[in-house]
There are 2 protein chains.
Amino acid sequence: MVDTPDPASAQEQTTTVQVTPTQRELLDEVLDKWSLHVLDTLCERPRRFNELRRAIPVVTQKSLTATLRRLERNGMVERVVISDRPVAVEYRITALGDTLQDLIDALLGWSGEHLPAVEDARARFDGED
Amino acid sequence: MVDTPDPASAQEQTTTVQVTPTQRELLDEVLDKWSLHVLDTLCERPRRFNELRRAIPVVTQKSLTATLRRLERNGMVERVVISDRPVAVEYRITALGDTLQDLIDALLGWSGEHLPAVEDARARFDGED
DNA sequence: CTACCTGGTCACCGAAGGGAACTTCAACGA
DNA sequence: TCGTTGAAGTTCCCTTCGGTGACCAGGTAG
């Protein structure tokens, strides 16, 4: 009732490239709130777990753990056990994760550049609509 | 690869630019799962509400409405009432939203390019760890 | 010993998000 | 005329997600 089974017009929006749902999922996993923070922080230099917590005070341990696991699973960061005796781990960005750095910088640059316009739009929307 | 270690300042690390929490919030509002879909779709051409639903079948009305409101509030899309008698609205991307298009394309391009590597990493993580 | 650090896990809980029905108004059809 | 369809949502319900704080195991500093 909702879907229209017309395979003829199914490929009506073939813009430039084929974008698979899988690509979207990947972006979902990698571009979320904390991932951006973590990747951005780790791009500077490797960090210990609690070092990351201090660098990003607003994240909780649980969310940080989850984010690091997710990024590790996707090959963006690497979990390195530095010391056994006093257990110490270090997280560092991988070569694959590094390919994201330019994009993250671009995103942060964009948000900084257009923030005034966005705040203006928000004020208009909130106040006069 | 990493900037020269800075033992003197144990302060926050100001890499190149100051990134405010506000910028992160903006990216959170604009880069979420459905926003990427919607912006990408609207970049092609303006669409009606149900046209968007058909273009992005996996989104629910509720989420689509919420996404469009959020994007509208942030000045990314514009809600245009075309016809009053049979109520008809059209959503179109704004000039501000258009500044995101390059970034979105870059993100989709990145995900397409590195998807194999990511899937490889996932297989390694899931299977042998 | 106690206190505190590291690197987590666990149980609870409120908010966010999805599914599906319902709404309103207008048009179409027999 | 009544029923159905379509547009553009809204409302309710329920599940899931993410945050909070507690807790744990092992080391180590006082």
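Numbers restart at 1 for each chain; the letters A, B, ... are given by sequence-line order, proteins then strands.
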- Expressed in angstrom and rounded to an integer, what is the separation of Lys33(B) atom NZ from dT16(D) atom C1'? 12 Å
- Message: Less than 4.5 Å apart, side chain to side chain, heavy atoms only: is that true for Leu64(A) and Thr60(A)?
- Response: no
- Value in whole Å for how far the P atom of dT6(C) lies from CG of Leu68(A): 15 Å
- Query: Within less than 4.0 Å of OP1 or OP2 of dG9(D), is there a side-chain N or O belonging to Arg69(B)?
  - Reply: yes
- Query: Where each residue is assigned the nucleotide of DNA chain D containing its nearest heavy atom, which of Val58(A) and Pro86(A) is assigned the position nearer the 5′ end?
  - Reply: Val58(A)
- Query: Ser63(A) side chain: which of dG7(C), dG18(D), dG9(D) is closest?
  - Reply: dG18(D)
- Message: What is the distance, to the nearest angstrom, from the CD atom on Glu29(A) to the P atom on dC17(D)?
- Response: 12 Å
- Is it the case that Arg79(B) and Tyr91(B) place a side-chain donor and acceptor less than 3.5 Å from each other? yes
- Task: Look at the side-chain heavy atoms of Ile, Leu, Val, Met, Phe, Trp and Tyr, link any pair under 4.5 Å apart, and say whether Leu31(A) and Val58(A) land in one connected group.
- Result: yes
- Task: Please determine if a side-chain N or O atom of Arg79(B) lies less than 4.0 Å away from the OP1 or OP2 oxygen of dG9(D).
- Result: yes
- Query: Taking only N and O in the side chain of Arg70(A), is any of them less than 4.0 Å away from OP1 or OP2 of dC17(D)?
  - Reply: no
- Message: Tell me the interatomic distance from Asn50(A), atom CG, to dG7(C), atom P, rounded to whole angstroms.
- Response: 5 Å
- Any Trp34(A) side-chain N or O less than 4.0 Å from OP1/OP2 of dG18(D): no
- Please state how far atom CG in Leu64(A) lies from atom C1' in dC17(D), giving the value in whole angstrom units. 17 Å
- Task: Report yes if at least one side-chain N or O of Arg48(A) is closer than 4.0 Å to OP1 or OP2 of dG8(C); otherwise report no.
- Result: no
- Rounded distance in Å - NZ (Lys62(A)) to P (dT9(C)): 11 Å
- Item | Per Ala88(B) side chain, nearest of listed nucleotides dG8(C), dA8(D), dT10(D) | dA8(D)
- Query: Nearest-Å distance, CG (Asp32(A)) to P (dG17(C))?
  - Reply: 13 Å
- Query: Going by atom types only, do Arg47(B) and Thr41(B) share a side-chain donor-acceptor pair under 3.5 Å?
  - Reply: no
- Item | Pairwise side-chain contact, Leu115(B) with Gln23(A), heavy-atom cut-off 4.5 Å (strictly under) | yes
- Which whole-number value in Å describes the distance from Arg53(B) CZ to dT5(D) C1'? 14 Å
- Can a side chain N or O of Tyr91(A) be found less than 4.0 Å away from OP1 or OP2 on dT6(C)? no
